[in-house]
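Some notes on the structure that comes next.
The basis for the numbers below is simple: all heavy atoms, side chains too, and nothing from hydrogens, waters or symmetry mates. This chain uses plain numbering: 1 for the first residue, then up along the sequence.
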Amino acid sequence: MKILPKSRKKVARGLSVWVSNHYCPTLFGIRGKYESSYKSGQYVESGAPGTGFFVRNSSSRTYKAFCQNERAKLVPNYWEMVRGHEFSFDREIARAEQAQGEKGMSKWKEMVLESYVNVLPMAKEAEESERIINAIKELSHRRHRLSSYQTHVMSSFKSKEARLGHDVRGIQLHVPEICGEERYQKFGGVVVAFSQLAASHRIWSVRNNFSGLESSFVQVYFDLGIFDFIQAPLMTPMMRDAEGNRYFLYPDFIVRSRDNVDFDVFELKGLNFLFREVPYDMVSNMVIDSYYDRENTQDVSTHLHRRNYEQFGDGLLVNKDTKALNEIEEEHKMRERVVGELYIPEMGSRYYVRDFKSLKTFVKALNQYQEEL
């Protein structure tokens with residue numbers, strides 16, 4: 001059990017430093033540091049190593065507040081450490097290995113878990129090296145300058161990190177190797193369309209209450225991210241829902257993740273992505289209009305309610321043809337104020353998006369890709 005925030009550790013002959021006992025999030029196994037930090041936006045870890053998202057440039061205050069809250073979860077907390085609530089590699093490795101023994105596991109989940117279990121020990125070594133490097137750097141704050149020997153020791157740990165980062169590429173899952181380069185290039189169109197959809201300021205996920213005629217709406221955010229160290233050249237579309245689950249979209253399957261070990265895998269070819277355009281009043285004016293006022297607040301998890309209009313059938317739809325990707329004349333769109341609805345029946349997921357055009361483009365790209373499967 002950890003009691004002290006730091007412990008004295010001998011890191012080389014004649015050199016001992018005070019090393020933090022707190023878990024230290026790193027970019028190990030994610031992408032190159034330059035690419036992660038600048039080209040793709042700041043990376044924010046979500047719960048455990050190897051899973052997180054890249055922050056988008058956005059003018060939305062609620063999205064900025066959401067990202068700030070996610071970063072705050074990574075700040076070391078003494079009481080969380082003492083209570084054993086901070087992330088632990090040993091505990092995570094044990095959980096992942098135990099999950100591997102589950103029966104009836106799909107080949108996709110088995111493959112993801114195996115890769116995750118293989119990467120975790122290397123990530124543990126890299127994280128320990130990072131804490132030692134930070135401890136040596138702190139010596140310079142007290143002495144103003146490191147000695148040549150201290151600099152040499154620090155460089156050796158940096159080299160170790162770099163070596164581990166190179167070696168991990170050989171055991172990580174690489175998406176193009178799973179589906180083939182040609183098919184992944186076609187999937188790239190889906191990723192591009194998703195990137196445009198993610199920029200929409202207002203996306204709501206529906207939480208079904210099942211106890212009456214009302215369902216709650218929760219504002220959520222879509223991003224590009226990574227799950228369990230799985231590498232993809234264009235990165236991975238990631239959706240969130242009202243229950244706190246994250247959905248990672250790959251060329252062959254979708255991962256619905258509650259955390260890095262507790263997740264479900266759905267084959268992409270077995271899913272239906274249904275799009276339709278819905279009038280404002282079907283979703284409720286409170287959902288749309290009130291957010292223009294709420295945008296100025298820091299509340300990023302407001303629950304909104306609507307009546308169950310679906311009991312009335314298709315009577316409230318802009319176009320009674322409920323087939324996916326229904327075509328509506330441009331002049332009709334201008335007259336009718338609508339939002340886009342995305343429904344995935346096999347997973348019970350439903351979203352409403354203010355920018356219905358970007359949602360329609362994404363679903364169209366995804367359906368076209370599915371046809372080739």
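- Geometrically, R256 does not engage Y247 in a cation-pi contact, judged by NZ or CZ lying under 6.0 Å from the ring centre and within 45° of the ring axis.
- When all heavy atoms of V190 and A365 are compared, the pair lying nearest together is CG2-O, 3.7 Å.
- Under the 3.5 Å distance criterion, with hydrogens and angles disregarded, a donor-acceptor pair is assigned to the side chains of Y63 and D223.
- Counting heavy atoms from C-beta on, the side chains of F273 and K364 never come closer than 4.5 Å.
- Two residues are said to be in side-chain contact when any heavy atoms from C-beta on lie closer than 4.5 Å; V153 and I136 meet this criterion.
- For the pair R163 and K160, the minimum side-chain heavy-atom distance is below 4.5 Å.
- Judged purely by atom type and a 3.5 angstrom limit, Q172 uses its side chain to pair as donor or acceptor with the backbone of G29.
- Side-chain contact check for T62 and Y221: at least one donor-acceptor pair (N or O, by modelled atom type) lies under 3.5 Å.
- Under the rule for a salt bridge (charged side-chain N to carboxylate O under 4.0 Å, His left out), K158 has no partner lying at least two apart in sequence or in another chain.
- R8 places a side-chain N or O within 3.5 Å of a backbone atom of S16 that can act as its donor or acceptor partner.
- Rounded to the nearest 0.5 Å, atoms NZ (K186) and OH (Y369) are 9.0 Å apart.
- Using a 3.5 Å distance cut-off with no hydrogens or angles, the side chains of R169 and Q231 do not pair a donor with an acceptor.
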Please evaluate residues I30 and E45 with respect to the criterion side-chain contact (heavy atoms from CB on, under 4.5 Å), reporting the C-alpha separation (whole Å), side-chain torsions for both, the decisive distance (0.1 Å), and the verdict. CA-CA 10 Å; I30 307 303; E45 186 177 291; over 6 Å; no
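- Between E110 and K107, no side-chain nitrogen of the basic residue sits less than 4.0 Å from a carboxylate oxygen of the acidic one, so the salt-bridge criterion is not met.
- Defined by atom type and a distance below 3.5 Å, a donor-acceptor pair is present between the side-chain atoms of Y352 and E341.
- Within the model, atoms CD1 of I93 and NZ of K124 stand 5.5 Å from one another, a figure rounded to the nearest 0.5 Å.
- Q370 contributes a side-chain N or O that, together with a main-chain N or O of L268, makes up a donor-acceptor pair within less than 3.5 Å.
- Annotation: side chain of M235 is in contact with side chain of R31 (closest heavy-atom distance under 4.5 Å).
- Between D252 and R183 there is a salt bridge, since a side-chain N of the basic residue sits under 4.0 Å from a carboxylate O of the acidic one.
- With Y351 as the partner, the ring-ring contact (aromatic ring centres under 6.0 Å, His included) test is satisfied by one option alone out of F222, F356, W204: F222.
- Atom-to-atom distance recorded for R131:CZ and S7:OG is 7.5 Å, nearest 0.5 angstrom.
- Atom OG of S200 and atom CZ of R354 lie 8.5 Å apart (nearest 0.5 Å).
- Connection of Y78 to V75 is not established within any shared hydrophobic cluster, with ILVMFWY side chains joined at heavy-atom distances below 4.5 Å, either directly or through further cluster members.
- Nearest heavy-atom pair across H201 and S59 is CE1-OG, 3.0 Å.
- No continuous path of hydrophobic side-chain contacts links M111 to V117 [ILVMFWY only; heavy atoms under 4.5 Å].
- Defined by atom type and a distance below 3.5 Å, a donor-acceptor pair is missing between the side-chain atoms of S349 and D241.
- Residues Q219 and I203 form no side-chain contact, since every pair of their non-hydrogen atoms from C-beta on lies 4.5 Å or further apart.
- Rounding to the nearest 0.5 Å gives a distance of 8.5 Å between CG of L249 and OG1 of T236.
- Considering only heavy atoms from C-beta on, Y43 comes within 4.5 Å of I226 through its side chain.
- One finds no salt bridge joining K9 and E128 here, because no Lys/Arg side-chain nitrogen approaches an Asp/Glu carboxylate oxygen to under 4.0 Å.
- With F263 as the aromatic partner, K109 meets the cation-pi criteria of under 6.0 angstrom to the ring centre and within 45 degrees of the ring axis.
- Taking the ring centre of F53 as origin, the terminal cationic atom of R240 falls inside the region bounded by 6.0 Å and 45° from the ring axis.
- R258 has a carboxylate O that lies under 4.0 Å from a charged side-chain N of D264, or vice versa, which qualifies the two as a salt bridge.
- The distance between the ring centers of F266 and F253 does not fall below 6.0 angstrom.
- Annotation: side chain to side chain donor-acceptor pair (under 3.5 Å) contacts of R91 (sequence neighbours excluded): none.
- Contact record, A126 with F28: CB-CD1, 3.5 Å, taken as the closest heavy-atom pair.
- Residues L113 and A96 share a closest heavy-atom pair of CD2-O, 4.4 Å.
- At a threshold of 4.0 Å, the pair D259-R95 counts as salt-bridged, since one of the basic side-chain nitrogens sits closer than that to a carboxylate oxygen.
- Residues F89 and F87 place their aromatic rings such that the two centres sit under 6.0 Å apart.
- Results of the side chain to side chain contact (heavy atoms under 4.5 Å, CB included) test with V55 over E70, R71, K64 single out R71 as the only residue that passes.
- Of all non-hydrogen atoms in R350 and R276, the two that sit nearest each other are NH1-NH2, 4.2 Å.
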Residues M347, L271; criterion side-chain contact (heavy atoms from CB on, under 4.5 Å); working and verdict: CA-CA 8 Å; M347 295 193 295; L271 299 177; 4.3 Å; yes
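- In terms of modelled atom types and a separation under 3.5 Å, the side chain of S140 and the main chain of K137 share a donor-acceptor contact.
- Nearest heavy-atom pair, S46 versus G52, reported as atom, atom and distance to 0.1 Å: OG-CA, 3.6 Å.
- Under the 4.5 Å side-chain heavy-atom criterion for Ile, Leu, Val, Met, Phe, Trp and Tyr, V192 and L359 are members of distinct hydrophobic clusters.
- At a threshold of 4.5 Å between non-hydrogen side-chain atoms, the residues P237 and V191 count as touching.
- In this model, a donor atom of one side chain and an acceptor atom of the other lie less than 3.5 Å apart for N272 and E346.
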How far apart are the C-alpha atoms of W108 and V255, what are their side-chain angles, what is the distance that settles it, and do they pass the side-chain contact (heavy atoms from CB on, under 4.5 Å) test? CA-CA 9 Å; W108 299 116; V255 173; over 6 Å; no
Could you please spell out the steps behind the side-chain contact (heavy atoms from CB on, under 4.5 Å) verdict for N260 and E92? CA-CA 9 Å; N260 286 36; E92 184 74 356; 3.5 Å; yes
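- Residues D355 and K357 meet the side-chain proximity criterion, which asks for heavy atoms closer than 4.5 Å.
- Between the CG atom of L139 and the OG atom of S147 there is a distance of 8.5 Å, given to the nearest 0.5 Å.
- Few gaps surround NE2 on H174; more than 12 heavy atoms of other groups in view lie less than 6.0 Å from it.
- Under the rule for a side chain to side chain donor-acceptor pair (under 3.5 Å), Y184 has no partner lying at least two apart in sequence or in another chain.
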